[in-house]
Amino acid sequence: MSTELAKTAGSLAIRPDQTNWTPEQAAVLRQGGIDNDVTPAELSGFLHLSQRTGLDPFTRQVYLIGRWDNRQKRKVFTPQTSIDGYRVIAHRVVAAAGHTLGYEDTLWCDASGRWYDVWLSDEAPAAAKVVVVRNGQRFPAVAKYSEYVQRGKEDKVIGLWGKMPATMTAKCAEALALRMAFPHDLAGVYTAEEMAQADNPESERHLRSVQPGEADPWATAAPARDFVAEAHAAATADEVRQIYRDASAAGYGPGTATLQEIAEVGKAKAAAPAVPAATPADAVTDAEFVDPVAEAEQQLRATAARVGLDTLDANFQQSYGLPIGEAGVQQLVEMTQILNGTAGAA
């Protein structure tokens, strides 16, 4: 930012060499909802994030929001933006780099696993899929409605999630895809659409006596690992491979959105220039970062060729109502099993 630009922007302009908020800036931030519970480290991190992303905290393009943390016994402030803020950053980055940015058609999925390019039902979709295309490279992401929906008392869906569930689910999927396409530019900040679920009330706990030496079955379980967030934060592809292996051991199958996103992150990090290193015999290799949908389609076509089915594409679309290229892993695997059963009976 030039001196002239900083001058014309007024006393609230954030300079690139600034290390602390000025008194004028701090006063405006306090008026925006940041109270005295915020720590100096949280304020410094917010300043660095605003400088790095170019989002304006004084027009609410990015802001700090406080939520009570039971572990720290205090209100913890985290940066948050909207999906529009993500789009602003993405367009700035591609414009500066001379790249291209586009999207494939958004898809919504029902509870049976069937995908639609338009969601007309009054019921909420089970998931949404968004594919961001940056300079020709695809970054697909799937967001499950149940993981992001905002609920209030008595588990009732509230806010925009109750009025526009398909739109909100698609925004979460878009945020995931954009963060995969722009990991360095969007690291450390999440969208309001994704974080609405953070305000969901905790389940009520019942009080009862526990005998000495008895384990408490009502005790709050340790928080589950966020494997996707760990993958994005990993410094190397080797670290992502370990996270991929841990997620698999935790029960995530190759068709889950979690492993799909970890695989995409791993492929992106593996493609970056790196110093070659020895690979342990039991390490996850680059070959394991395979698109599970593409792998399932390949197995289906190989099975069809083996049993002599020349009309696979037509038969699949007639059975599932969509072409193979738009099908999910579950449908592809199911069709493969059907063909294998037919071949065994022949």
Inset, instruction - Heavy atoms only: give me the nearest Leu55-Gln61 pair and the separation to one decimal. - result: CA-OE1, 3.4 Å

Inset, instruction - Please name the pair of heavy atoms, one in Val265 and one in Val240, separated by the smallest distance, quoted to 0.1 Å. - result: CG1-CG2, 4.3 Å

Inset, instruction - Look only at the side chain of Arg134 and the backbone of Leu101, and say whether a donor-acceptor pair between them is shorter than 3.5 Å. - result: no

Inset, instruction - Using the side chain to side chain contact (heavy atoms under 4.5 Å, CB included) rule, take Ile14 and Ser50 through it: C-alpha gap first, then chi angles, then the decisive distance, then the call. - result: CA-CA 8 Å; Ile14 300 176; Ser50 300; 4.0 Å; yes

Legend entry - Closest contact, heavy atoms only, Ala234 versus Ile243: CB-CD1, 4.3 Å

Inset, instruction - Return the set of residues passing ring pair (Phe, Tyr, Trp, His ring centres under 6.0 Å) with Phe227 (not counting sequence neighbours), or none when no residue passes. - result: Tyr252

Inset, instruction - Answer yes or no: is there a donor N or O on one side and an acceptor on the other, between the side chain of Gln72 and the main chain of Arg74, under 3.5 Å? - result: no

Inset, instruction - Return each pair, listed once, that meets ring pair (Phe, Tyr, Trp, His ring centres under 6.0 Å) where at least one residue sits in residues 156-188; pairs must be two or more places apart or across chains. - result: Tyr145-Trp161

Inset, instruction - Mind checking the CG-OG1 spacing from Leu309 to Thr311? Nearest 0.5 Å is all I need. - result: 4.5 Å

Inset, instruction - Determine yes or no for a side-chain-to-main-chain donor-acceptor pair under 3.5 angstrom, with Gln51 supplying the side chain and Arg15 the backbone. - result: yes

Legend entry - Rounded distance (nearest 0.5 Å) linking atom CD1 of Ile89 with atom OG1 of Thr81: 6.5 Å

Inset, instruction - Would you tell me whether Gln242 and Asp246 have side-chain atoms, one donor and one acceptor, within less than 3.5 Å of each other? - result: yes

Legend entry - Same apolar cluster: Ile262 and Val131, side chain cutoff 4.5 Å: no

Legend entry - Side chain Gln31, main chain Val28, donor-acceptor under 3.5 Å: no

Inset, instruction - Give a yes or no on whether Val133 and Leu176 share a hydrophobic cluster (residues Ile, Leu, Val, Met, Phe, Trp, Tyr; joining criterion: side-chain heavy atoms under 4.5 Å apart). - result: no

Legend entry - Separation of Ile83 CD1 from Arg87 CZ (nearest 0.5 Å): 5.0 Å

Legend entry - Nearest-0.5 Å distance that lies between atom CG in Leu160 and atom CD1 in Ile158: 10.5 Å

Legend entry - Results of salt bridge (charged side-chain N to carboxylate O under 4.0 Å, His left out) for Asp56 - residues two or more places apart only: none

Inset, instruction - May I ask you to test the Cys109-Arg114 pair for a side-chain heavy-atom distance under 4.5 Å? - result: no

Inset, instruction - Quick one: pull up CD in Gln80 and CG in Leu64 and give me the separation to the nearest 0.5 Å. - result: 9.5 Å

Legend entry - Close side-chain approach of Thr236 and Lys269, heavy atoms under 4.5 Å: no

Legend entry - Evaluation steps, side chain to side chain contact (heavy atoms under 4.5 Å, CB included), between His232 and Met180: CA-CA 8 Å; His232 282 288; Met180 292 170 60; 3.5 Å; yes

Inset, instruction - Mind jotting down which residue pairs meet the side-chain hydrogen bond (donor to acceptor under 3.5 Å, both in side chains) criterion with at least one end in residues 115-126? Sequence neighbours excluded, please. - result: Asp110-Tyr116

Inset, instruction - Group every Ile, Leu, Val, Met, Phe, Trp and Tyr by side-chain heavy-atom contacts under 4.5 Å, then state whether Val62 and Ile34 land in the same group. - result: yes

Legend entry - same_hphob_cluster(Val130, Val94) at 4.5 Å side-chain heavy-atom cutoff: yes

Inset, instruction - Run through Glu194, Glu174, Glu261 and flag the one making a salt bridge (charged side-chain N to carboxylate O under 4.0 Å, His left out) with Arg179. - result: Glu194

Legend entry - Sidechain-backbone polar pair: Glu42 side chain, Val38 backbone, donor-acceptor under 3.5 Å: no

Legend entry - Smallest separation among heavy atoms of Gln25 and Thr22, with atom names: OE1-N, 3.0 Å

Inset, instruction - With sequence neighbours excluded, give me every ring pair (Phe, Tyr, Trp, His ring centres under 6.0 Å) pair touching residues 15-48. - result: Trp21-Phe46

Inset, instruction - Could you check Phe58 against Leu29 for side chain to side chain contact (heavy atoms under 4.5 Å, CB included), going step by step and ending with a plain yes or no? - result: CA-CA 7 Å; Phe58 306 112; Leu29 291 176; 4.0 Å; yes

Legend entry - Identified side-chain hydrogen bond (donor to acceptor under 3.5 Å, both in side chains) partner of Arg301 from the options Glu297, Gln299, Gln298: Glu297

Legend entry - From CG (Leu49) to CG (Leu186), nearest 0.5 Å: 9.5 Å

Inset, instruction - Quick one: closest heavy-atom pair of Gly136 and Thr100, and the distance? - result: N-OG1, 4.1 Å

Inset, instruction - Could you tell me which non-hydrogen atom of Thr169 sits nearest to which non-hydrogen atom of Pro125, and how far apart they are? - result: OG1-CG, 4.2 Å

Legend entry - Cationic tip of Arg241 above Tyr244 ring, under 6.0 Å, 45° of axis: no

Legend entry - Heavy-atom donor-acceptor pair, Arg52 side chain to Asp185 backbone, under 3.5 Å: yes

Inset, instruction - Just grab all the ring pair (Phe, Tyr, Trp, His ring centres under 6.0 Å) pairs involving residues 76-98, residues at least two apart or on different chains. - result: none

Legend entry - Heavy atoms from other residues, nucleotides or ligands near CG of Asp17 exceed 12 (cutoff 6.0 Å): yes

